[in-house]
Amino acid sequence: MIETKLRERTCEAVKTLYGHELNPGAVGLEKTNREITGDFTIVVFPLLKLSRKSPEATATEIGTFLQQHMPEIESFHVIKGFLNLVLSDHFWMKFLSKNMVNPDFGFLKSRHERPVVLEYSSPNTNKPLHLGHIRNNLLGFSLAEILKANGHKVIKVNLVNDRGIHICKSMLAYMKWGNNETPGTTGLKGDHLIGKYYVLFNKNYKTEVHDLIEKGLTEEEAERQAPLIVEAQEILLKWEAKDPETVDLWKRMNGWAYDGFDVTYRRLGVDFDHIYYESETYLLGKYLVMGGLEQGVLVQKEDGSIWADLKDEGLDEKLLLRADGTSVYMTQDLGTAQLRFDDYHPSSMIYVVGNEQNYHFDVLKKVLARFGKEYSEHILHLSYGMVELPQGKMKSREGTVVDADDLMDEMYQTAEETTRELGKANELSDDDAAGLFKTIGMGALKYFILKVDPKKNMLFDPAESIDFNGNTGPFMQYTYARIQSLLARAGSAGYLWEDAVLPVQTPLLPLEKEAIKRLYQFQETIITAGDELSPAIVANYLFDLAKGFNQFYQELPVLKEADQQKVLLRIWISRFTGDIIKKSMKLLGIEVPERM
RNA sequence: GGCCCCGUAGUUCAAUGGAUAGAACGGAAGUUUCCUAAACUUUAAAUAUAGGUUCGAUUCCUAUCGGGGCUACCA
């Protein structure tokens with residue numbers, strides 16, 4: 001890439017002119033601001049210590065050196081300490097003709113032997129997926145695509161939290177009030193049926209706690225002594241003891257949940273290479289904990305419970321095994337990490353998990369380190385922000401969530417209404433129309449979620465439906481569809497643009513050059529997004545690309561241009577742009593329609 | 001109480017320590033005998049407060065104020 005060359009030559013300039021060694025990474029190279037002439041800018045302020053000259057003089061000297069040693073540089077000018085470099089049209093034309101037919105443009109060659117294991121989704125089988133899970137799933141899937149584009153081998157794994165006290169709560173409520181109803185008898189999606197009982201448990205539990213407090217118990221006592229929670233704990237004990245009846249019900253109810261999840265996953269367009277079940281890893285976790293106790297890195301209290309004491313590392317004591325011998329979340333996560341490492345020997349293990357679990361992952365890494373597991377250093381928690389509603393946080397227990405299936409239904413409906421209003425579905429068959437509504441609706445939803453920096457909390461207001469205009473998924477899709485329509489017209493007008501050869505000497509108009517520059521930036525976008533683990537970087541790039549193209553398309557005629565070379569050039573730019581929009585959208589897991 | 005994260009236009013989001021803080025939606029005003037107006041153009045509007053470090057701070061540090069999370073023998 002030209003950036004590398006610019007950095008290296010700048011170092012040479014500093015060496016030749018001022019006699020100092022400079023690390024290429026230390027060169028302040030950036031894209032030139034929009035209002036200023038130039039393609040790349042070198043900030044020379046940090047170099048003044050070496051040059052011992054004024055900013056202007058330093059920039060001018062380096063600029064002169066670069067121009068002499070790099071044919072790609074056509075001219076330069078200096079504003080204060082900013083050295084603005086203008087690359088030649090020839091450079092941009094060469095880039096365009098070399099890469100526009102390269103299907104792998106922007107993607108890095110595989111360069112890693114060991115894979116990356118990427119965990120995302122991680123549902124609990126006691127309730128259906130909600131908007132928070134949607135963010136998780138979309139982030140996970142998109143990150144996998146981005147890492148692959150960076151040349152990594154990615155194993156997508158899902159860890160199903162299929163056991164634990166929370167599952168027992170749903171089971172207990174079902175046993176008490178379920179009347180043997182099933183997804184079949186109720187017509188409810190399996191995960192929704194189970195969610196109903198989870199909410200029911202919590203409602204009744206709350207009442208019990210309330211009553212006990214009335215009778216004079218403290219809140220803590222009431223929460224621990226309420227009959228429902230005591231019963232749920234008994235069920236967990238029975239389950240860990242493999243009581244046949246308990247295990248049967250557990251299997252039946254989890255089966256319903258899986259059926260429901262499958263439908264949601266398929267609709268979201270996400271998938272996994274390997275599914276781990278907590279019920280299959282918690283025993284390994286227990287084993288590790290017992291081993292840690294023998295090693296002397298854990299402590300056992302009088303009641304038999306086992307803890308990690310992390311106080312000397314700035315954390316607290318953490319329970320790893322309950323007094324009754326049953327395991328907790330951390331227990332199974334220790335086992336899962338070990339199993340995953342044994343299965344794949346990955347170079348890193350990335351966990352896409354919400355930032356409310358930052359502490360959990362701190363502890364996980366530290367405990368594994370105490371066990372002497374070197375892979376603990378390669379555990380990476382991609383801690384994404386919560387999706388908040390105007391009223392605050394979503395709570396499954398209280399049923400105040402934006403349900404994933406409902407939201408997707410709404411997106412489909414809105415897409416259908418809008419498309420019909422615009423009269424764009426008129427010429428489509430029912431099947432094609434339905435496909436288009438799905439593409440647009442899901443595109444709007446996915447882009448809305450992914451354009452936000454993963455680390456930040458984001459707000460979703462259900463009252464204001466997700467937009468289809470402006471910086472949105474449908475905006476990109478529209479730009480793509482319009483380009484396809486243009487290319488079809490070019491074909492029927494007889495332009496053989498696919499085999500055409502364009503003279504590299506063609507001079508470029510500013511809008512043409514800007515359009516090519518944006519295409520060039522696809523490469524660094526992929527790298528940055530991969531380094532930062534951020535689909536938002538791809539989304540921001542996409543908007544810039546599409547917005548800029550629409551401007552180009554508005555201002556300059558393509559097929560109606562008189563100069564035949566210009567027609568070919570602009571078809572090339574259009575076709576390359578369409579290509580990159582599609583690729584970028586794929587990195588986000590979003591489809592593009594050929595027409596809309 | 002302790003620990004962590006976040007405060008940018010009316011709203012939702014941008015900005016590797018760099019030039020005049022960008023967009024979108026919403027507001028105001030325009031562009032269709034012209035390659036798809038889900039588009040394009042113009043316009044008003046913001047860095048919570050006070051210090052500090054720096055040639056330069058939305059970005060780093062400290063304090064204050066405001067919001068969120070964690071601090072469970074829940075996951």
Side-chain angles (χ1 to χ4, degrees), chain A residues 28-30 32-36 41 43 45-46 48 55 79-82 84 122 124 126 161 163-167 169 220 223-224 229 233 278 303 305 307 314-316 319-324 326-330 332-333 354-360 362 383 385-386 388 392-393 396-397 415 418-419 421-422 424 440 444 448 451-453 455-461 464 467-479 481-490 493 528 531-532 536 539-540 543-544 546-547 550-551 553-561 570-571 574 595-596:
Chain A
L29 179 72
E30 14 188 281
T32 304
N33 281 9
R34 206 181 340 191
E35 306 81 14
I36 293 164
T41 296
V43 185
F45 289 112
L48 302 184
I79 304 175
K80 291 185 279 182
F82 300 96
N84 299 303
S122 321
N124 293 336
N126 63 332
N161 294 293
R163 60 155 293 284
I165 190 78
H166 55 303
I167 312 288
K169 291 176 183 176
E220 203 180 317
E223 281 175 359
R224 211 175 314 141
I229 195 70
Q233 277 159 355
E278 193 187 314
D303 63 4
S305 58
W307 300 71
L315 302 178
D316 215 333
L319 176 84
L320 299 181
L321 222 45
R322 292 191 185 101
D324 65 8
T326 58
S327 54
V328 292
Y329 178 44
M330 184 62 74
Q332 66 79 21
D333 237 14
N355 63 13
E356 56 193 351
Q357 292 191 32
N358 287 353
Y359 185 72
H360 172 82
D362 265 2
S383 161
M386 300 288 98
E388 286 162 2
K393 205 187 169 191
S396 297
R397 257 173 294 180
T418 312
T419 307
E421 269 171 33
L422 291 168
K424 302 215 177 198
I440 295 174
F448 177 84
K451 76 173 174 185
V452 182
D453 182 343
K455 292 189 181 63
K456 294 194 176 171
N457 287 5
M458 63 180 292
L459 191 108
F460 175 76
D461 187 350
E464 290 178 35
D467 237 299
F468 284 38
N469 297 323
N471 188 0
T472 66
F475 178 91
M476 316 304 155
Q477 293 173 325
Y478 175 73
T479 307
R482 210 157 62 159
I483 289 172
Q484 299 320 300
S485 157
L486 179 77
L487 294 179
R489 280 175 186 272
T528 314
D531 289 347
E532 311 264 319
N540 287 342
F543 182 58
D544 193 48
K547 177 91 185 156
N550 284 338
Q551 204 176 76
Y553 184 81
Q554 184 82 17
E555 300 291 328
L556 300 175
V558 178
L559 301 176
K560 300 195 165 142
E561 165 66 39
R570 290 175 195 169
I571 292 176
S574 304
R595 56 179 293 188
M596 72 181 270

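Chain letters run A, B, ... following the sequence lines, proteins first, then strands; residues in each count from 1. Side chains are part of it too, since the values below use all heavy atoms of this structure and drop only hydrogens, waters and symmetry mates.
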Novice: NA contact type, A:Leu486, heavy-atom cut-off 4.0 Å: base, sugar-phosphate, or nothing?
Specialist: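 Contact class for A:Leu486: base.
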Novice: Determine: side-chain N/O of A:Lys451 to OP1/OP2 of B:rU12, distance under 4.0 Å, yes or no.
Specialist: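 It does not, given that no N or O in the side chain of A:Lys451 lies less than 4.0 Å from OP1 or OP2 of B:rU12.
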Novice: Counting side-chain heavy atoms from CB outward, which of B:rC73, B:rA75, B:rA19 is closest to A:Trp307?
Specialist: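 Given the options B:rC73, B:rA75, B:rA19, the side chain of A:Trp307 is closest to B:rC73.
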Novice: If you check the A:Gln554 side chain, which of B:rA75, B:rA39, B:rC4 turns out closest?
Specialist: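 Selected nucleotide (nearest to the side chain): B:rA39.
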Novice: Between B:rG69, B:rC73, B:rC25, which one does the side chain of A:Asp467 approach most closely?
Specialist: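 For the A:Asp467 side chain, the nearest candidate turns out to be B:rC25.
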Novice: Does a donor on one side chain and an acceptor on the other come within less than 3.5 Å for A:Thr472 and A:Asp467?
Specialist: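 Judged by distance alone, the side chains do not pair up.
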Novice: Assuming nearest nucleotide by heavy-atom distance, tell me which of A:Ser327 and A:Thr419 is located more 5' along RNA chain B.
Specialist: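 Closest to the 5' end, via its nearest nucleotide, is A:Thr419.
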Novice: Which nucleotide wins on minimum distance to the side chain of A:Pro474, given the candidates B:rU71, B:rA38, B:rC35?
Specialist: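 Taking heavy atoms from C-beta onward, the closest nucleotide is B:rA38.
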Novice: Among B:rA19, B:rU71, B:rC34, which nucleotide has an atom closest to any side-chain atom of A:Asp316?
Specialist: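 Of all the options, the side chain of A:Asp316 is nearest to B:rU71.
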Novice: Using a distance-only criterion (donor-acceptor N/O pair, under 3.5 Å, no hydrogens), is the base of B:rA19 paired with the side chain of A:Thr41?
Specialist: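 Yes, a donor-acceptor pair under 3.5 Å.
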Novice: Out of B:rC70, B:rU12, B:rG22, which has the shortest distance to the side chain of A:Tyr359?
Specialist: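 Minimum distance to the A:Tyr359 side chain belongs to B:rC70.
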Novice: Please determine, for the side chain of A:Thr32, which listed nucleotide (B:rC73, B:rG18, B:rA19) has the closest atom?
Specialist: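 Between B:rC73, B:rG18, B:rA19, the one nearest the side chain of A:Thr32 would be B:rA19.
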Novice: Would A:Phe543 count as stacked on B:rA24 if the rule is ring centres under 5.5 Å and plane angle under 30°?
Specialist: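 No, the aromatic ring of A:Phe543 does not stack with the base.
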Novice: Do A:Asn124 side-chain atoms and A:Asn126 backbone N/O form a donor-acceptor pair below 3.5 Å?
Specialist: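 Between the backbone of A:Asn126 and the side chain of A:Asn124 there is no qualifying donor-acceptor contact (under 3.5 Å).
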Novice: Tell me whether A:Glu220 at atom CD has more than 12 heavy atoms from other residues, nucleotides or ligands lying less than 6.0 Å away.
Specialist: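 Open: at most 12 neighbouring heavy atoms sit under 6.0 Å from CD of A:Glu220.
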Novice: Please pick, from B:rC35, B:rG69, B:rU12, the nucleotide with the shortest atom-to-atom distance to any side-chain atom of A:Leu459.
Specialist: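 Nearest nucleotide to the side chain: B:rU12.
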Novice: Enter syn or anti for the glycosidic conformation of B:rU47, syn applying to angles within 90° of 0.
Specialist: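 What B:rU47 shows is an anti base, its glycosidic angle lying more than 90° from 0.
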Novice: With a 4.0 Å cutoff (strictly under), does any side-chain N or O of A:Lys456 reach OP1 or OP2 of B:rG68?
Specialist: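 No, because none of the side-chain N or O atoms of A:Lys456 sits under 4.0 Å from OP1 or OP2 of B:rG68.
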Novice: Check this one for me: any side-chain N or O of A:Lys547 less than 4.0 Å away from OP1 or OP2 of B:rC40?
Specialist: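 True: A:Lys547 side-chain N/O within range (under 4.0 Å) of B:rC40 OP1/OP2.
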Novice: Stacking between A:Phe82 and the base of B:rA19 (centre distance under 5.5 Å, interplanar angle under 30°)?
Specialist: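 Whether judged by distance or by angle, A:Phe82 passes, so it stacks on the base of B:rA19.
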Novice: Quick one: sort the A:His360 and A:Tyr329 rings into parallel, tilted or perpendicular, breaks at 30° and 60°.
Specialist: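 A:His360 vs A:Tyr329 ring planes: parallel.
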Novice: So, is A:Asn471 close to the B:rC25 phosphate, meaning a side-chain N or O under 4.0 Å from OP1 or OP2?
Specialist: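 Answer no for this pair, as no side-chain N or O of A:Asn471 is under 4.0 Å from OP1 or OP2.
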Novice: To the side chain of A:Gln551, which of B:rA38, B:rU41, B:rA24 is closest?
Specialist: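 Within the option list, the nearest is B:rU41.
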Novice: Determine yes or no for a side-chain-to-main-chain donor-acceptor pair under 3.5 angstrom, with A:Thr419 supplying the side chain and A:Ala415 the backbone.
Specialist: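 Here the side-chain-to-backbone pair exists.
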Novice: Indicate, yes or no, whether a donor-acceptor pair under 3.5 Å links the base of B:rA14 to the side chain of A:Asp544.
Specialist: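 Between B:rA14 and A:Asp544, which were checked side chain against base, a qualifying N/O pair under 3.5 Å is absent.
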Novice: Which listed nucleotide (B:rA75, B:rC73, B:rG18) is nearest to the side chain of A:Glu30?
Specialist: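 Of the candidates, B:rG18 comes closest.
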Novice: Could you say whether A:Gln357 or A:Asn550 is positioned toward the 5' end of RNA chain B, judged by the nucleotide with the nearest heavy atom to each?
Specialist: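 Looking at the nearest nucleotide for each, A:Asn550 comes out on the 5' side.
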